[in-house]
Q: 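Have a look at this one.
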Amino acid sequence: QVQLVESGGGLVQTGGSLRLSCAASGRTFSSWSVGWFRQAPGKEREVVGAVSWSVVRTYYADAVKGRFTISRDNAKNTVYLQMNSLKPEDTANYYCARSLAIASLSKSANYDYWGQGTQVTVSS
């Protein structure tokens, strides 16, 4: 059974940093692509970024490019989202999700399992 658990959210000031973790269960974790999404109150869920199973492909939304970095440790079944230079508009609930695709990782329809989310709040 596939389970994804996010952690690392919290309250941070503008310009600060946080590192989110997505811990996954499943024996074939190394063959999954993993994406990070976020949803702010009253807004639609949007993609933040994603990493393919082979780490050959990474994708970042324009809003976070240059500030956020996704990495993965297959030995620990964990994917990380390092967030630097945080802005108030980054405030949202952040989710990780699994995909068996290697391309089109920005499309939420390509993801089949989702975590419960972790809240990130950036104060101005």
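Scope of the values below: all heavy atoms of this structure, side chains included, with no hydrogens, waters or symmetry mates. The shown structure was predicted, so the numbers you read here are calculated from the model rather than taken from an experiment.
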Q: Should the heavy atoms of other residues, nucleotides or ligands under 6.0 Å from CD of Gln39 be counted, would the total exceed 12?
A: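 Enclosed: over 12 neighbouring heavy atoms sit under 6.0 Å from CD of Gln39.
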Q: Are any of the side-chain nitrogens in Lys65 or Asp62 under 4.0 Å away from the carboxylate oxygens of its partner?
A: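 Between Asp62 and Lys65 there is a salt bridge, with a charged N closer than 4.0 Å to a carboxylate O.
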Q: Membership question, hydrophobic clusters at under 4.5 Å side-chain separation (ILVMFWY): are Val34 and Leu100 in the same one?
A: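 Both belong to a single hydrophobic cluster.
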Q: Would you kindly confirm whether Trp36 and Tyr95 end up in one hydrophobic cluster when ILVMFWY residues are joined by side chain heavy atoms under 4.5 Å apart?
A: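 Different clusters: Trp36 never reaches Tyr95 through Ile, Leu, Val, Met, Phe, Trp or Tyr contacts under 4.5 Å.
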Q: Has the side chain of Asn110 got a donor or acceptor atom that lies under 3.5 Å from a matching backbone atom of Ser104?
A: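 Yes, because the side chain of Asn110 sits within donor-acceptor range (under 3.5 Å) of the backbone of Ser104.
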Q: So do the side chains of Arg98 and Asp112 get within less than 4.5 Å of each other, counting heavy atoms only?
A: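 The answer is yes; the side chains approach within 4.5 Å.
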Q: Looking at side-chain heavy atoms only, is the closest gap between Gln119 and Leu11 below 4.5 Å?
A: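 Side-chain contact under 4.5 Å: no.
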Q: Report yes if some heavy atom in the side chain of Cys22 is under 4.5 Å from a heavy atom in the side chain of Leu81; otherwise report no.
A: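 The answer is no; the side chains never approach within 4.5 Å.
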Q: Roughly how far apart are Ser52 OG and Trp32 CH2, rounded to 0.5 Å?
A: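 CH2 of Trp32 is found 15.0 Å from OG of Ser52.
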Q: Report the C-alpha separation of Thr118 and Ser7 in whole Å, then their side-chain angles, then the decisive distance to 0.1 Å, and conclude whether the side-chain contact (heavy atoms from CB on, under 4.5 Å) test is met.
A: CA-CA 6 Å; Thr118 185; Ser7 62; 5.6 Å; no
Q: Would you check if the side chain of Thr78 reaches a backbone N or O of Ala23 as a donor-acceptor pair within less than 3.5 Å?
A: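 Not at all, since once roles are kept as given, no pair shorter than 3.5 Å links the two residues.
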Q: Please report the shortest heavy-atom distance between Ser17 and Ser85, naming the atom on each side.
A: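 So the minimum-distance heavy-atom pair works out to OG-N, 4.3 Å.
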Q: Please tell me whether Val79 and Tyr113 are part of a single hydrophobic cluster in this structure, the criterion being side-chain heavy atoms less than 4.5 Å apart.
A: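 In one cluster: yes.
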Q: Testing the basics here: between Trp114 and Ser108, what is the closest heavy-atom pair and its distance to 0.1 Å?
A: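 Smallest heavy-atom distance, with atoms named: CZ2-O, 3.9 Å.
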Q: Do Arg38 and Val120 come within less than 4.5 Å of each other through their side chains, counting heavy atoms only?
A: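 No, side chains not in contact.
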Q: Do Phe68 and Tyr59 share a hydrophobic cluster (ILVMFWY, side-chain heavy atoms under 4.5 Å, transitive)?
A: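 No, Phe68 and Tyr59 fall in different hydrophobic clusters.
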Q: Does Glu6 reach the main-chain N or O of Cys96 with its side chain, forming a donor-acceptor pair under 3.5 Å?
A: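 The answer is yes, because a donor-acceptor pair under 3.5 Å joins these two groups.
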Q: Check for a donor-acceptor pair, side chain of Ser33 on one end and backbone N or O of Ala101 on the other, with a separation under 3.5 Å.
A: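 Yes; judged by distance alone, with no hydrogens or angles, the pair exists.
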Q: Membership question, hydrophobic clusters at under 4.5 Å side-chain separation (ILVMFWY): are Ile70 and Val48 in the same one?
A: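 In one cluster: yes.
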Q: Any idea which heavy atoms bring Ala50 and Tyr111 closest together, and the distance?
A: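 Heavy atoms of Ala50 and Tyr111 come nearest at CB-OH, 3.4 Å.
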Q: Please report the closest heavy-atom contact between Gly8 and Leu18, naming both atoms and the distance.
A: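 Of all heavy-atom pairs spanning Gly8 and Leu18, the closest is O-CD2, 3.8 Å.
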Q: With side chains defined as the heavy atoms from C-beta onward, is the minimum distance between Thr69 and Tyr60 less than 4.5 Å?
A: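 Result yes, sub-4.5 Å side-chain heavy-atom pair found.
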Q: Determine the minimum heavy-atom distance between Thr28 and Ser31, stating which atoms define it.
A: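 Nearest heavy atoms, Thr28 then Ser31: O-OG, 2.7 Å.
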Q: Under a 4.5 Å cut-off applied to non-hydrogen side-chain atoms, are Ser124 and Thr14 in contact?
A: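 Contact flag for Ser124/Thr14 side chains = yes.
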Q: Do Met83 and Val64 touch side chain to side chain, with heavy atoms closer than 4.5 Å?
A: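 Met83 does not reach Val64 side chain to side chain.
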Q: For a quick test of reading the model, state the closest non-hydrogen atom pair linking Asn74 to Phe29 and the distance between them.
A: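 So the two residues come closest at OD1-CE2, 3.2 Å.
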